[in-house]
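Given the structure is predicted, the values throughout are model-derived calculations rather than measurements. Along the sequence shown, residues carry numbers from 1.
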Amino acid sequence: MYDNSTDEKKELRLAAMYSVLLTALPWMVHIVGSVFSLRLKPYGLQPLVPEGLPGIFTMPLLHAGWGHLLSNTPAMLLLVFGLFLFYRQGAWRILCCLYVTGGFLTWLMGRDAVHMGASGLVYALAAFHFTSGVIKKVTRQRAFALLVAFLYGGFVWAFFPTLYRGTSISWEGHLSGLLAGITFAFYFRDEGPEPPVYPLLEDEDEEEIYVDDKK
C-alpha cells in the first residue's frame with residue numbers, strides 16, 4: 001500500500017531546509033561584515049544610475065543593522081517555506097522573478113539614496129501568496145493566504161511615502177515588491193497545487209451525456 005504521508009513529510013523537510021538556508025544568507029553576510037568591519041552600504045541599490053544595477057542582486061542581502069535584519073527574518077522564514085511547499089521545483093523560478101523584478105522596479109522608482117534590506121522581497125512574497133490564495137481554488141493556499149493577511153496585514157501602511165518622510169525606510173522597495181508579487185501570482189496561476197477534483201460530479205456529468213446520446 002502506498003503511503004502518501006512519506007512524500008508529504010519529505011516536502012515539508014525540503015521546504016523547511018530551503019527556507020532556513022535562504023534566510024541564513026543575509027545573516028552570513030551581516031556577520032562577516034560585522035566581524036571584519038566591512039563597509040557594505042555602498043554595495044546596496046542606487047536607483048537610476050548604471051553602477052547601481054548590481055544592487056538589484058545585493059540589496060536583499062544587506063541590512064543597516066541587527067534590528068533591521070531581525071525584523072525581516074521571521075517573515076522570510078515563513079514566506080519562503082510556503083513558496084517551496086506549494087510550488088516545489090517551480091519555486092526557484094518564482095523566487096528569481098520576484099527577486100529581480102522587485103529590485104529592478106526599486107531601481108527605476110527609488111529616491112536618491114542607497115536601498116538595503118530584504119523587506120522588498122518579503123513584500124513580494126507576501127503579495128504573491130495572498131494573491132495566489134485569492135485567485136486559486138486550493139484550500140491550503142487560501143488558508144496560507146489568510147495566515148499571511150493576519151500576520152502581515154499591516155504591510156499596507158508601508159506603501160504611503162508620507163508616513164516615512166524623514167526616515168531611511170524604503171517605501172519604494174515595499175511598493176515594488178507588492179507590484180512584482182501581484183503580477184507573478186497571475187503569471188504563475190496555472191502552476192502549483194491543483195484545485196480538488198470531485199469524482200461524483202464527474203460521474204453525474206458522464207451519466208447525463210450517456211442519457212442524451214441514447215435520445
Side-chain angles (χ1 to χ4, degrees), residues 18-84 91-129 148 151-152 154-184:
Y18 288 133
S19 175
V20 171
L21 289 176
L22 290 172
T23 305
L25 286 177
W27 277 89
M28 292 170 61
V29 172
H30 199 72
I31 290 171
V32 170
S34 299
V35 170
F36 294 98
S37 300
L38 303 177
R39 293 183 66 254
L40 298 177
K41 184 176 179 180
Y43 296 97
L45 186 146
Q46 301 175 55
L48 297 176
V49 293
E51 57 268 28
L53 285 171
I56 293 173
F57 304 97
T58 59
M59 180 179 69
L61 303 176
L62 305 175
H63 289 78
W66 293 107
H68 188 201
L69 180 57
L70 280 168
S71 67
N72 286 325
T73 297
M76 278 289 292
L77 283 169
L78 176 65
L79 297 172
V80 173
F81 172 78
L83 186 66
F84 280 92
W92 287 110
R93 289 188 294 116
I94 296 170
L95 184 62
C96 288
C97 289
L98 296 175
Y99 195 109
V100 175
T101 304
F104 182 68
L105 290 176
T106 305
W107 183 83
L108 283 177
M109 68 174 67
R111 76 191 92 165
D112 185 17
V114 178
H115 296 252
M116 303 168 62
S119 56
L121 182 57
V122 167
Y123 275 80
L125 287 164
F128 178 85
H129 281 302
V148 170
L151 294 176
Y152 307 113
F155 276 5
V156 67
W157 298 108
F159 309 126
F160 296 93
T162 54
L163 296 178
Y164 296 104
R165 188 171 295 161
T167 73
S168 60
I169 296 176
S170 176
W171 65 268
E172 301 96 327
H174 300 167
L175 180 59
S176 297
L178 173 75
L179 295 175
I182 293 174
T183 299
F184 285 107

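- Distance alone, capped at 3.5 Å, places no donor-acceptor pair between the Q46 side chain and the E51 backbone.
- Using modelled atom types, one finds no donor on one side chain facing an acceptor on the other under 3.5 Å when comparing T106 with H115.
- By the 4.5 Å heavy-atom criterion applied to side chains, T101 and T183 are not counted as neighbours.
- Residues L98 and I94 meet the side-chain proximity criterion, which asks for heavy atoms closer than 4.5 Å.
- Of all non-hydrogen atoms in S19 and L77, the two that sit nearest each other are OG-O, 2.5 Å.
- Listed for the H63 side chain is no donor-acceptor partner under 3.5 Å among the backbone atoms of P26.
- The aromatic rings of Y123 and H174 sit parallel, their planes meeting at an angle under 30°, below the 60° perpendicular limit.
- No more than 12 heavy-atom neighbours from other residues, nucleotides or ligands sit within 6.0 angstrom of OH on Y43.
- Taking the side chain as every heavy atom from C-beta outward, L45 and I56 approach each other to under 4.5 Å.
- A pairwise comparison of heavy atoms in L125 and V80 identifies CD1-CG2, 3.9 Å as the closest pair.
- Side-chain contact between M59 and Y99: absent, with no pair of heavy atoms (C-beta onward) separated by less than 4.5 Å.
- With hydrogens and angles disregarded, a donor-acceptor distance shorter than 3.5 Å links the side chain of W107 to the backbone of V49.
- Using a 4.5 Å heavy-atom cutoff, the side chains of L95 and L22 are in contact.
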